Asker: 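First the structure, then my questions, so here it is.
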Amino acid sequence: VQLVESGGGLVQAGGSLRLSCAVSGFTFDDYAIAWFRQTPGKEREGVACIGKIDDSIEYADSVKGRFTVSSDNAKKTVTLQMNNLRPEDTAVYYCAAQVGRPASAAQCWSLRRYDYWGQGTQVTVSS
């Protein structure tokens with residue numbers, strides 16, 4: 001099982017980045033995929049979660065209206081489109097996979113539910 005993120009980088013505030021998470025080694029439809037981010041000294045926080053049992057998508061309040069997550073089952077890729085980036089979005093971004101399909105936001109954001117993690121990709125937003 002492998003998750004590999006790509007697409008991070010340096011961007012000015014107000015700019016956009018697109019992160020991709022390529023997954024392999026498991027049946028894509030049986031998992032939920034989420035994006036998390038982490039800055040030094042802080043807990044890892046959920047950003048977006050796709051694959052819930054009701055097919056709805058969860059977003060953190062801080063990114064609603066700016067970030068969009070989507071999946072391509074054929075390519076086994078989950079994409080996080082980030083627009084109108086802010087300096088506070090600076091973090092290492094991780095994609096993660098949990099077995100099964102979460103039924104709630106709480107299940108989406110619970111770190112212990114995630115079985116597999118990517119290595120992370122750095123996003124830096126300058127002011």
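On a predicted model such as this, the values are computed, not experimentally measured, just so you know.
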Asker: Which pairs count as disulfide bond (SG atoms under 2.5 Å apart) when at least one residue sits in residues 69-106, sequence neighbours excluded?
Answerer: Cys21-Cys95
Asker: Given Val69, which of Ile57, Leu19, Val63, Thr79 fulfils the side chain to side chain contact (heavy atoms under 4.5 Å, CB included) condition?
Answerer: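 It is Ile57; the other options fail the test.
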Asker: With no hydrogens and no angle check, is any side-chain donor or acceptor of Thr90 less than 3.5 Å from a backbone partner on Pro87?
Answerer: yes
Asker: Among pairs that include at least one residue of residues 85-107, which meet salt bridge (charged side-chain N to carboxylate O under 4.0 Å, His left out), considering only residues two or more places apart or in two chains?
Answerer: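 Pairs touching residues 85-107 that pass the test: Arg37-Asp89, Asp55-Arg101, Arg66-Asp89.
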Asker: Membership question, hydrophobic clusters at under 4.5 Å side-chain separation (ILVMFWY): are Val11 and Met82 in the same one?
Answerer: yes
Asker: Under 4.5 Å between side-chain heavy atoms, hopping through other hydrophobics if needed: is there a path connecting Val125 to Leu10?
Answerer: no
Asker: Between the main-chain N or O of Val4 and the side-chain N or O of Gln119, is there a donor-acceptor pair closer than 3.5 Å?
Answerer: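 No, the answer is negative, given that no donor and acceptor are paired below the 3.5 Å cut-off.
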Asker: Looking at residues at least two apart in the chain, or sitting in another chain, which of them share a side-chain hydrogen bond (donor to acceptor under 3.5 Å, both in side chains) with Gln122?
Answerer: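 Result, side-chain hydrogen bond (donor to acceptor under 3.5 Å, both in side chains) vs Gln122: Thr124.
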Asker: Restricting to side-chain contact (heavy atoms from CB on, under 4.5 Å), what partner residues turn up for Asp72, sequence neighbours left out?
Answerer: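 Per chain and number, Asp72 pairs via side-chain contact (heavy atoms from CB on, under 4.5 Å) with Ala74, Lys75.
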Asker: Sub-3.5 Å donor-acceptor pair from the side chain of Gln98 to the main-chain atoms of Gln107, do we have one?
Answerer: yes
Asker: Write out all pairs satisfying salt bridge (charged side-chain N to carboxylate O under 4.0 Å, His left out) with one or both partners inside residues 7-27, taking only residues at least two apart or from two chains.
Answerer: none
Asker: List the residues meeting side-chain hydrogen bond (donor to acceptor under 3.5 Å, both in side chains) with Ser104, not counting sequence neighbours, and say none if there are none.
Answerer: none
Asker: Show me the pairs that pass ring pair (Phe, Tyr, Trp, His ring centres under 6.0 Å) and involve residues 56-110, at least two apart or across chains.
Answerer: none
Asker: How would you list, by chain and number, every residue that makes a ring pair (Phe, Tyr, Trp, His ring centres under 6.0 Å) with Phe36, sequence neighbours excluded?
Answerer: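 For Phe36, the residues satisfying ring pair (Phe, Tyr, Trp, His ring centres under 6.0 Å) (neighbours in sequence not counted) are Tyr114, Trp117.
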Asker: Do the side chain of Glu5 and the main chain of Gly120 share a donor and acceptor less than 3.5 angstrom apart?
Answerer: yes
Asker: List in chain and number order the residues that pass side-chain contact (heavy atoms from CB on, under 4.5 Å) with Asp61, two or more places apart in sequence or in another chain; answer none if no residue qualifies.
Answerer: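 With sequence neighbours excluded, Asp61 shows a side-chain contact (heavy atoms from CB on, under 4.5 Å) to Lys64, given in chain and number order.
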Asker: Please name all residues satisfying side-chain contact (heavy atoms from CB on, under 4.5 Å) with Ser56, sequence neighbours left out, ordered by chain then number.
Answerer: Lys52, Asp54
Asker: Can you tell me which residue pairs pass the disulfide bond (SG atoms under 2.5 Å apart) test with a partner in residues 96-127, sequence neighbours excluded?
Answerer: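 Counting only pairs at least two positions apart or across chains, the disulfide bond (SG atoms under 2.5 Å apart) contacts touching residues 96-127 are Cys49-Cys108.
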Asker: Does Ser16 have any side-chain hydrogen bond (donor to acceptor under 3.5 Å, both in side chains) partners at least two apart in sequence or in another chain, and if so, which?
Answerer: Asn83
Asker: Going hydrophobic residue to hydrophobic residue with side-chain gaps under 4.5 angstrom, can you get from Val23 over to Val99?
Answerer: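 In one cluster: yes.
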